[in-house]
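Reading through the structure tokens given below for one structure.
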Amino acid sequence: MGHHARRPPRRRGDLVRAAALLTAAGVAVAMTFPAAAGSSVAPRPAVRLPAAAEALSSYLPQVSCDPAPKPGVSAFRALMLTTYHRGSDGGIARSCADGGPSEHKEGRAWDWMLDLRNPADRAAGTAAVTFLLSPGPHGEIAWNARRMGVMYIIWNRHIWGSYQPGWRAYDGPNPHTDHIHFTFDWAGALKHTSWWTGRVAVPDFGPCQTMVGTLAPAYRALNVTPCPAPVPAVVGAYAAPGNVGSRVLLVQRALRVLPQSGFYGVITTRAVAAFQHRHAGLTATGVVDQRTAVALGLVRPPAPPVARVQPTAVFLRVGSRGPAVVALQRALRVTPTSGLFGAHTFAAVRLYQHRIHHPSTGVLTMAEGTALRLPGVPPLLVAAPAAPAVYAKPGDRGARVVAVQRALRIRPISGFYGPVTQRAVLAFQGRHRGLHPTGVVDLATARALSVIR
């Protein structure tokens with residue numbers, strides 16, 4: 001059997017007594033996980049577990065909208081509630097109309113309602129998190145979280161992620177003191193992982209977004225290939241309801257709409273929506289956007305622009321995958337050359353940065369990637385522009401971030417550009433025509449937010 005507790009679960013009274021012990025150390029206990037050492041309450045698998053476990057998942061954000069609860073998430077919910085007998089179901093699915101990106105919209109996130117002020121609730125949550133993140137038989141990271149496909153956990157103002165192991169401060173507006181949030185990778189969400197099947201699942205990267213600002217089609221089949229970066233969205237539509245002219249005629253001819261009047265009315269709108277519904281990757285809006293025009297053969301696919309980036313821009317970091325990571329590992333003599341930027345590669349990059357007198361961040365910049373002659377490094381800017389191309393970006397701190405957070409009404413106003421600020425910026429950019437939803441406050445976004453003139 002795999003690495004898990006075999007003793008029968010204790011009763012609720014044991015959880016209350018365990019909570020009292022945890023509380024003796026003060027509130028900080030719940031913020032410095034794990035904190036439930038010694039608790040014997042743990043889930044029991046229904047299958048014989050293999051000796052190995054799944055690899056730590058890379059970050060797989062929401063890119064599609066299919067809010068039906070996925071079977072692995074539903075099974076995990078039942079397992080937690082029946083094992084610990086505390087808390088309640090906070091829901092799996094969220095409406096596609098809810099603001100901001102969320103894996104709830106793909107049915108692969110769950111909120112377990114546990115109140116940190118309640119000692120028994122706190123003990124149950126701490127025991128569950130400790131069980132998930134405890135090491136394997138040979139010290140492997142987050143052994144049971146990997147077996148269940150847990151990608152990240154948010155609880156009590158802290159977040160743990162498989163793509164960046166270790167607890168970090170969480171700056172979101174909801175402190176998650178009344179519930180624990182669990183998000184799953186696709187293998188875990190679909191109940192394909194070893195905890196449920198007894199077989200180690202291969203990484204599943206899920207659906208792929210093809211164009212920035214558009215949704216990917218709902219999950220259909222196993223995808224073992226990392227998704228390529230989506231191409232930038234093309235602003236404006238090729239043709240839309242109410243238009244008159246030669247473009248509408250071309251659309252009507254391509255769809256064999258009769259009569260071919262050159263007027264984009266109800267009949268043309270229905271024909272466009274039906275065409276979009278039949279083609280994977282198109283959203284059935286009835287508007288001929290650039291992607292639909294490409295699918296109809298009316299325009300050529302947009303060529304991805306050649307990016308010219310700042311030398312200090314991030315090239316590779318923890319969680320990155322692919323040929324560039326393999327080349328980096330070979331250049332720095334990291335073994336094995338897995339193609340995944342993990343803990344060993346992180347340490348090697350820090351050592352390399354120390355040797356060349358760069359800040360030892362463990363995040364490889366574009367300039368460092370160029371110096372190491374790694375594939376895929378975009379051309380670097382020879383000189384910086386007169387005005388900064390970016391007003392604020394993820395990871396920044398200071399007055400500019402405060403200005404952005406005030407403009408977007410983010411709470412708390414922390415001055416740190418974290419995931420919550422990035423999601424709010426993405427949502428704002430998605431609502432404003434002419435802005436590319438990148439999550440970075442470029443100059444156009446800063447002007448739209450009225451933080452600069």
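Just the heavy atoms: all of them, side chains too, but no hydrogens, waters or symmetry mates, feed the values below.
Evaluation of the side-chain hydrogen bond (donor to acceptor under 3.5 Å, both in side chains) rule for D111 yields R94, H104, H181 as partners, not counting sequence neighbours. Remark: Q422 engages no residue in a side-chain hydrogen bond (donor to acceptor under 3.5 Å, both in side chains) (not counting sequence neighbours). Legend: residues meeting ring-ring contact (aromatic ring centres under 6.0 Å, His included) with H192, ordered by chain and number and at least two apart, are absent. Scored by the ring-ring contact (aromatic ring centres under 6.0 Å, His included) test, F416 finds no partners at all (sequence neighbours excluded). Not counting sequence neighbours, Y352 has no partner by the ring-ring contact (aromatic ring centres under 6.0 Å, His included) test.
E103 places no side-chain N or O within 3.5 Å of a backbone atom of F184 that could act as its donor or acceptor partner. Side-chain N or O atoms of Q353 include one that pairs as donor or acceptor with a backbone N or O of V363 at under 3.5 Å. Put simply, the side chain of H279 never gets that close to the backbone of Q276: no donor and acceptor are under 3.5 Å apart. Of the possible polar contacts, one joining the H176 side chain to the N174 backbone as a donor-acceptor pair under 3.5 Å is found. The backbone N or O of T365 lies less than 3.5 Å from a partner atom in the side chain of E368, making a donor-acceptor pair. With hydrogens and angles ignored, the 3.5 Å screen pairs no side-chain donor or acceptor of Q329 with any backbone N or O of T345. Proximity of a side-chain donor or acceptor of T83 to a complementary backbone N or O of M80 within less than 3.5 Å is not detected. Distance alone, capped at 3.5 Å, places no donor-acceptor pair between the E54 side chain and the V202 backbone. The main-chain N or O of D115 is never found under 3.5 Å from a side-chain atom of D178 such that the two would form a donor-acceptor pair.
In this structure, CD in E106 is found 9.5 Å from OG1 in T183, a value given to the nearest 0.5 Å. In this structure, OG on S57 lies 11.5 Å from OH on Y152, to the nearest 0.5 angstrom. The OG atom of S134 sits 7.5 Å away from the CG atom of N144 when rounded to the nearest 0.5 Å. Note that CZ of R321 and OG of S338 are 8.0 Å apart. Values are rounded to the nearest 0.5 Å. Here the straight-line distance linking atom CZ of R147 with atom OG1 of T197 works out to 10.0 Å at 0.5 Å rounding. Atoms CZ and OG, from R146 and S162 in turn, are 10.0 Å apart once rounded to the nearest 0.5 Å.
Heavy-atom minimum distance, V41 versus A127: O-CB, 4.5 Å. Across S58 and F205, no two heavy atoms sit closer than the pair OG-CE2, 3.9 Å. Among all heavy-atom pairs drawn from Y163 and M151, the shortest one is CE2-O, 3.8 Å. Residues L49 and W195 share a closest heavy-atom pair of CD2-CA, 3.8 Å. Closest approach of G319 to L340, counting heavy atoms only: O-CD1, 4.2 Å. In terms of heavy atoms, K70 sits closest to D66 at NZ-O, 3.0 Å.
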Evaluation steps, side chain to side chain contact (heavy atoms under 4.5 Å, CB included), between C208 and N223
CA-CA 9 Å; C208 294; N223 173 24; 3.5 Å; yes

Output, in order, the C-alpha distance, side-chain angles, deciding distance and verdict of side chain to side chain contact (heavy atoms under 4.5 Å, CB included) for L60 and R108.
CA-CA 11 Å; L60 304 174; R108 56 186 182 100; 4.2 Å; yes

For ring pair (Phe, Tyr, Trp, His ring centres under 6.0 Å), just list the numbers for Y219 and W186, CA-CA rounded to whole Å, side-chain angles, deciding distance to a tenth of an Å, and then say yes or no.
CA-CA 9 Å; Y219 184 96; W186 280 103; 5.0 Å; yes

Quick one, F346 with F341, criterion ring pair (Phe, Tyr, Trp, His ring centres under 6.0 Å). Give me CA distance, side-chain angles, the key distance, then yes/no.
CA-CA 7 Å; F346 176 83; F341 196 127; 7.1 Å; no

Report the C-alpha separation of V440 and V425 in whole Å, then their side-chain angles, then the decisive distance to 0.1 Å, and conclude whether the side chain to side chain contact (heavy atoms under 4.5 Å, CB included) test is met.
CA-CA 7 Å; V440 174; V425 170; over 6 Å; no

I'd like to know whether F428 forms a side chain to side chain contact (heavy atoms under 4.5 Å, CB included) with L408, so could you lay out the CA-CA distance, the side-chain angles of the two residues, the decisive distance to 0.1 Å, and finally the verdict.
CA-CA 8 Å; F428 176 82; L408 293 173; 3.8 Å; yes

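Between R117 and D121 no salt bridge is recorded (no basic side-chain N to carboxylate O distance below 4.0 Å).
Between L114 and Y84, every side-chain heavy-atom pair lies at or beyond the 4.5 Å cut-off. For the pair L132/W143, no side-chain contact is recorded, criterion being any heavy-atom separation below 4.5 Å from C-beta on. Two residues are said to be in side-chain contact when any heavy atoms from C-beta on lie closer than 4.5 Å; P135 and I141 fail this criterion. Residues Q405 and T421 are in side-chain contact: their nearest non-hydrogen atoms beyond the backbone lie under 4.5 Å apart. With contacts defined as side-chain heavy-atom distances shorter than 4.5 Å, the pair P165/L56 qualifies. You'll find the side chain of I159 stays beyond 4.5 Å of the side chain of I153, heavy atoms only. Residues R199 and S194 are not in side-chain contact: their nearest non-hydrogen atoms beyond the backbone lie 4.5 Å or more apart. For the pair Y417 and D171, the minimum side-chain heavy-atom distance is 4.5 Å or more.
For R168, the CZ atom counts as densely surrounded, since its 6.0 Å shell holds more than 12 non-hydrogen atoms of other residues, nucleotides or ligands. When the shell of 6.0 Å around NE2 of H432 is examined, it contains more than 12 heavy atoms from other residues, nucleotides or ligands.
Taking the ring axis of Y391 as reference, the NZ or CZ atom of R400 stays within 45° of it and closer than 6.0 Å to the ring centre.
A side-chain donor-acceptor contact under 3.5 Å links T445 and Q429.
Pairs of residues two or more places apart, or lying in two chains, that qualify as salt bridge (Lys or Arg N to Asp or Glu O under 4.0 Å) and include a residue from residues 74-85 are R77-D89.
Just one of C65, S64, P69 meets the side chain to side chain contact (heavy atoms under 4.5 Å, CB included) condition when paired with P67; it is C65.
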